[in-house]
> 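Can you keep this structure in mind? I'll have questions shortly.
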Amino acid sequence: MKFVKRKKLVRKSNKLINAKENTPLTALERKLMLYSVSEVNDEGKVNFRIQDLYGTSKLNTSHYRNVRKAVENLLNVKVVVEEGDVSDEDWRIKGMNVFDVIEASRKGGSISARFTQSMIPHITNLKRNYTTYLYEAVSPFRSDFSIRIYELLVQGVDHYSKREFELEELKSKIGISQIKTYTNFNQIRTKVLDKACHEITEKSDIDVTWDISGKKGRRVSHITFFMQRKTASVERSTSDSTKVEVKVDKQLEQQMNTMKGLGLSEDQIRLVLQMKQSEEKLKDVEPEVVESTTLFNEQEGEPFKLEQTSIHLDIVVEERKSRLRERLIGYKVAPELVEKVVEHTQASKESGIWKHVTYLQKNPNAVDNPAGYLTSIFRNNYGL
DNA sequence: CTTGCCCGTCTACTTTATCC
DNA sequence: GGATAAAGTAGACGGGCAAG
């Protein structure tokens, strides 16, 4: 059987993304944590190879030494999430440990871990108010702050063009509120903000800058990040593209003809035009609420968001595949067969697979044995 | 005068590249 | 594959300076 390397998707609840952390993490520690999130099963357990974490098979003693240290430190990581509305009068917070157990073995070359019960709802079976990104998007980052800030900004990047933080709040989110060095704003400027913005812009799919946006006396009280996708995104208002209306004026008509000349399909042209519209909307939007970042339509297999950057196409495809996997396993289709179907169809709408899955969902009593029904479809339609 | 930003320097640690 | 050098990063500290 052909081995297909899957992209790692990190999916976390928005509450967890916005959580406060008790300690700064090194880049390796955070990568270990995020890699675990991308691989976690429904019971909160995870098992992977150390070489996959590093993305290389060439590991030497310092790699193992660092993993050992990271494992020890990660057991001390605690996060605090806001549970209710955030106000002075009525608030609810929940503090929790991240990991129950982490085991690493040099000889076995593997790490296995179990997240705490409290963490599980924030990293598995998320249906809404979550944020997804590729582990591969953050793995090139060398600075821990880059990873954490990327996470905070990618959460809102398709909805807002900027996000403001109260400085102390930002410090607590990235786990540096207790560190002496960062009572000095200039250290925050050079070691945290400049470094992270530079690295994120250089190595990821979003451009980020920042500026001081509030002062109390001479003290910096607020800072604002300005972010946008390197290639702007577009949303379909529904999964049925024929319902999308785009105003066409003379100038647009001309642009459409140019695009036709470039060989774009009508559907693609419509998306590009929408992209331009949503770019207009993005300008100067107040970033007060960045709570719901449900990136994908739950009903249909079709993502309603298309990205031109390869990284986001990857996210769309991987997200679609992973949703198909979950559905098929839910119908008790054998895991090996699930994997064959996912790879064969790429979980695309064109393959026709979603028609059958949606049929089962909408007519739960129509078929006695969904697994059998699906298996015969896989055999007849795809020869599997 | 006090406070907080700015700048430079130093040390310890992590990651990557290179050599054996 | 392992050791080590080189490059990059985190964090601490102290002095200068000017806004409040």
Side-chain angles (χ1 to χ4, degrees), chain A residues 8 20-36 48-79 99 102 104-111 113 134-153 164-204 208-225:
Chain A
K8 308 292 176 206
K20 294 178 179 179
E21 300 181 350
N22 67 326
T23 173
L25 301 180
T26 65
L28 177 63
E29 286 160 13
R30 191 170 295 280
K31 285 174 191 175
L32 203 162
M33 185 158 90
L34 295 176
Y35 197 93
S36 301
F48 55 87
R49 293 183 301 173
I50 294 173
Q51 63 181 61
D52 290 338
L53 171 68
Y54 276 104
T56 171
S57 55
K58 293 176 182 174
L59 299 181
N60 59 37
T61 37
S62 61
H63 287 106
Y64 291 111
R65 198 170 47 234
N66 294 336
V67 164
R68 189 191 171 98
K69 196 166 183 189
V71 166
E72 287 173 12
N73 289 345
L74 276 171
L75 284 170
N76 299 321
V77 178
K78 301 176 199 311
V79 297
F99 287 103
I102 314 175
S105 151
R106 169 159 183 169
K107 206 171 180 185
S110 66
I111 294 174
L134 281 175
Y135 172 77
E136 283 79 0
V138 297
S139 62
F141 292 160
R142 300 186 58 145
S143 158
D144 163 53
F145 303 128
S146 302
I147 304 177
R148 185 71 178 110
I149 289 174
Y150 175 87
E151 206 174 59
L152 286 164
L153 298 183
E164 182 174 54
F165 289 93
E166 201 270 315
L167 187 61
E168 288 306 314
E169 181 203 348
L170 178 67
K171 283 169 67 178
S172 64
K173 285 188 197 308
I174 61 182
I176 59 167
S177 53
Q178 303 303 317
I179 292 172
K180 265 191 203 169
T181 308
Y182 298 115
T183 52
N184 179 340
F185 181 74
N186 196 50
Q187 296 285 36
I188 299 178
R189 174 198 297 277
T190 54
K191 302 285 173 66
V192 180
L193 301 172
D194 284 347
K195 184 139 287 178
C197 288
H198 182 260
E199 191 170 39
I200 292 170
T201 300
E202 188 188 351
K203 299 177 182 171
S204 86
V208 185
T209 55
W210 70 277
D211 206 355
I212 293 169
S213 56
K215 283 193 170 191
K216 281 180 184 157
R218 300 186 61 205
R219 196 191 190 102
V220 175
S221 63
H222 291 77
I223 69 121
T224 296
F225 291 100

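Below, chains carry the letters A, B, ... as their sequence lines are ordered, and counting in each starts from 1.
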> Is A/R30 paired with A/D144 through a side-chain N to carboxylate O contact shorter than 4.0 Å?
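So A/D144 pairs with A/R30 through a salt bridge.
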> What's A/K31 touching, base or sugar-phosphate or nothing? Going by heavy atoms closer than 4.0 Å.
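Here A/K31 touches no strand at all.
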> Is the shortest side-chain N/O distance from A/K191 to OP1 or OP2 of C/dT9 below 4.0 Å?
no
> Which of parallel (below 30°), tilted (30 to 60°) and perpendicular (above 60°) describes A/F48 and A/Y35?
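Answer is tilted, since the angle falls between 30° and 60°.
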> Rounded to whole Å, please give me the gap between CD1 in A/I176 and C1' in C/dA12.
14 Å
> Output the rounded distance in Å from CD (A/Q51) to C1' (C/dG1).
13 Å
> Can you measure A/R65 atom CZ to C/dT4 atom C1' for me and round it to whole angstrom units?
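Atom CZ in A/R65 sits about 11 Å away from atom C1' in C/dT4.
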> Taking the minimum atom-to-atom distance to the side chain of A/N184, which one of C/dG11, C/dC13, C/dT9 wins?
C/dC13
> How far apart are the closest heavy atoms of A/A27 and A/F141, and which atoms are they?
CB-O, 4.5 Å
> Reading DNA chain B 5' to 3', which nucleotide is the first, and which the last, to come under 4.0 Å of any heavy atom in chain A?
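Both ends considered, the range comes out as B/dT3 to B/dA17.
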> Give the rounded distance in Å between these two atoms: CZ of A/F145 and C1' of C/dA10.
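Answer to the nearest Å: 7 Å.
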> In whole angstrom, what separates A/Y64's OH from C/dG2's C1'?
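One finds 11 Å between C1' of C/dG2 and OH of A/Y64, rounded.
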> For A/E21, is there an ion pair with A/R148 - N to carboxylate O distance below 4.0 angstrom?
yes
> Whole Å only: how far is the CG atom of A/N186 from the C1' atom of C/dG16?
13 Å
